[in-house]
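Below: one structure, written as structure tokens.
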Amino acid sequence: MTFRLFDAPTREPSQFVGFAGNRIDRQSEKRSDDSARQALAAQGTRILLARAGRLLLKADGPAMVPFFHRGEIEGLASLVDEAVLLGVDADGPVVALPADIDLEALPETLKAFDYRTVLMQGLLPEAETGAMAQAGALLAWHATHRFCGRCGQPTVARAGGYKRVCTGCNAEHFPRTDPVAIMLTVTRDKALLGRGAHFVPGMYSTLAGFIEPGETIEAAVRRETFEESGIQVGRVVYHASQPWPMPFSLMIGCFGEAISDEVSRDEAELEDCRWFSRDEIVSMLEQRHPDGINVPPVGAIAHHLIRFWAENG
């Protein structure tokens, strides 16, 4: 019998989505309480600066540079105790720091972009975009976990920024990742897409929702699909995942097999929800749908789910 468990394309599907190109060795077994501070003091360490979901970039002609050196951060970041050691890559240590400059009053040599814009506009190479996702998620977690959930006392960063310890009861708190099921529900010939009122005009996407405690990925796919569209789902298969640093989620992309047909959308969640034929999906991907309907841009995992189904029917 042929052993087929790990048969897969040379490049797994998750490597094609945005934010997934991180090349940093996280050094997870080597973090000490002062490892971030040691890295900051090392020669050549590169620093990412972010604040409120926006990354600080240096303008270098038409290019944008995300990395700063220690001598460049004066006046930009003073909270060195909040440094996070992202790890080490081929060029040395990489650290993230919260920026403490007014992002609305930057000098001409600096720009601040939200993470989604950095991704969708292709402002950085995929490895740097992946590092940004790691930094953004960790800095967001630190910003929202400054006090202990057990006793309410202040917490301090430890383990290079991968832990916070309560100064009162010594409780340890670790970075969180919120799992989100994002799914394309399909039959052999059609796919279910919806649009929220906040979407850009003409865009339809896959359905999605947070996975709840005590729930499997498959159960979340079935529940969220039924709650939002009224469509019942049978078999569920995993396809790919995507880090999503808004603020610290993991998008878990799946395909769901529809076993009912009549759509009954949740009007509080969706402005519209309907079936699209494979030919319509292809025209949307090629931006030639007669009604001007399109799908999310290529950096989003929803785009990859839609394209994979359209091209592999």
Side-chain angles (χ1 to χ4, degrees), residues 14 17-42 45-57 66-68 70 73 76-89 91-101 103 112-119 124 126-149 154-166 171-180 210 241-252:
S14 294
V17 303
F19 298 127
N22 197 348
R23 301 292 182 266
I24 292 174
D25 177 354
R26 296 169 181 255
Q27 303 275 294
S28 59
E29 298 299 319
K30 300 178 182 179
R31 298 174 189 139
S32 62
D33 285 346
D34 63 347
S35 58
R37 183 175 289 276
Q38 288 179 7
L40 274 176
T45 293
R46 286 154 301 140
I47 303 168
L48 290 170
L49 301 177
R51 178 179 179 182
R54 297 168 71 185
L55 183 70
L56 203 60
L57 299 173
F67 295 119
F68 295 76
R70 182 62 188 263
I73 67 171
L76 302 178
S78 60
L79 303 176
V80 295
D81 289 339
E82 297 297 322
V84 176
L85 176 61
L86 302 184
V88 177
D89 66 11
D91 296 315
V94 184
V95 170
L97 271 174
D100 56 1
I101 186 174
L103 299 185
F113 293 96
D114 66 86
Y115 306 146
R116 189 191 300 267
T117 297
V118 172
L119 173 67
L124 297 176
E126 63 177 18
E128 295 176 1
T129 304
M132 176 189 69
Q134 181 186 359
L138 283 164
L139 292 177
W141 176 76
H142 280 285
T144 55
H145 289 75
R146 297 191 180 281
F147 296 91
C148 180
T155 61
V156 292
R158 294 287 185 266
Y162 282 79
K163 178 171 68 174
R164 295 190 73 88
V165 177
C166 177
E172 296 181 330
H173 304 276
F174 296 91
R176 61 181 289 175
T177 296
D178 296 334
V180 177
F210 287 101
S241 60
Q242 178 179 34
W244 194 251
M246 278 82 85
F248 28 65
S249 295
L250 178 66
M251 311 297 286
I252 302 171

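Every heavy atom of this structure was used, including side-chain atoms; hydrogens, water molecules and symmetry mates were not.
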Value rounded to 0.5 Å, distance of OG1 in Thr45 from CG in Asp91: 11.5 Å
Can you name the closest pair of heavy atoms from Ala83 and Val95 and give their distance? CB-CG1, 3.9 Å
Is there a side-chain contact between Ser28 and Tyr162, using heavy atoms and a 4.5 Å cut-off? no
Residues, nucleotides or ligands: over 12 heavy atoms within 6.0 Å of Arg31 CZ: yes
Rounded to the nearest 0.5 Å, what's the gap from CG on Leu40 to CG on Leu85? Could you check? 9.0 Å
Out of curiosity, Thr129 OG1 to Gln134 CD, how far, rounded to the nearest 0.5 Å? 13.0 Å
Can a donor-acceptor pair be found, under 3.5 Å and without considering hydrogens, that links the side chain of Asp25 to the backbone of Asp89? no
Taking all atoms of both residues into account, what is the closest heavy-atom pair of Pro245 and Tyr115, and its distance? O-CD1, 3.4 Å
Testing the basics here: between Cys166 and Cys148, what is the closest heavy-atom pair and its distance to 0.1 Å? SG-CB, 3.5 Å
How far apart are the closest heavy atoms of Leu56 and Phe68, and which atoms are they? O-CE1, 3.6 Å
Going from CE on Met246 to CG on Leu119, what distance comes out if it is rounded to the nearest 0.5 angstrom? 7.5 Å
Atom pair CG (Asp100) and CG (Leu79), whose distance is rounded to the nearest 0.5 Å: 5.0 Å
Taking the side chain from Arg23 and the backbone from Gly21, do they hold a donor-acceptor pair closer than 3.5 Å? yes
To the nearest 0.5 Å, what is the distance between CH2 (Trp141) and CZ (Arg164)? 6.0 Å
ring-ring contact (aromatic ring centres under 6.0 Å, His included) partners of Phe19, counting only residues at least two apart: Trp244
Would you say the side chain of Arg37 lies within less than 4.5 Å of the side chain of Val80, judging by non-hydrogen atoms? yes
Smallest heavy-atom separation, Ala77 atom then Pro98 atom, equals CB-O, 3.6 Å
Sequence-distant partners of Thr177, side-chain hydrogen bond (donor to acceptor under 3.5 Å, both in side chains), two or more places apart: none
Within the side chain of Arg46, is there an N or O that forms a donor-acceptor pair under 3.5 Å with the backbone of Gly92? yes
Side chain proximity check, Phe67 to Leu48, heavy atoms < 4.5 angstrom: yes
For the backbone of Phe248 and the side chain of Arg176, can you confirm whether one donor and one acceptor N or O come within less than 3.5 Å of each other? no
My understanding is that only one of Val118, Leu57, Leu49, Ile47 makes a side chain to side chain contact (heavy atoms under 4.5 Å, CB included) with Pro66; could you say which? Leu57
Between the main-chain N or O of Ala20 and the side-chain N or O of Ser14, is there a donor-acceptor pair closer than 3.5 Å? no
Is any side-chain heavy atom of Leu55 closer than 4.5 Å to one of Leu124? yes
So, for Gly18 and Gln242, which heavy atoms are closest and what is the spacing to 0.1 Å? O-NE2, 2.8 Å
With a 4.5 Å heavy-atom cut-off, do Leu138 and Leu86 have their side chains touching? yes
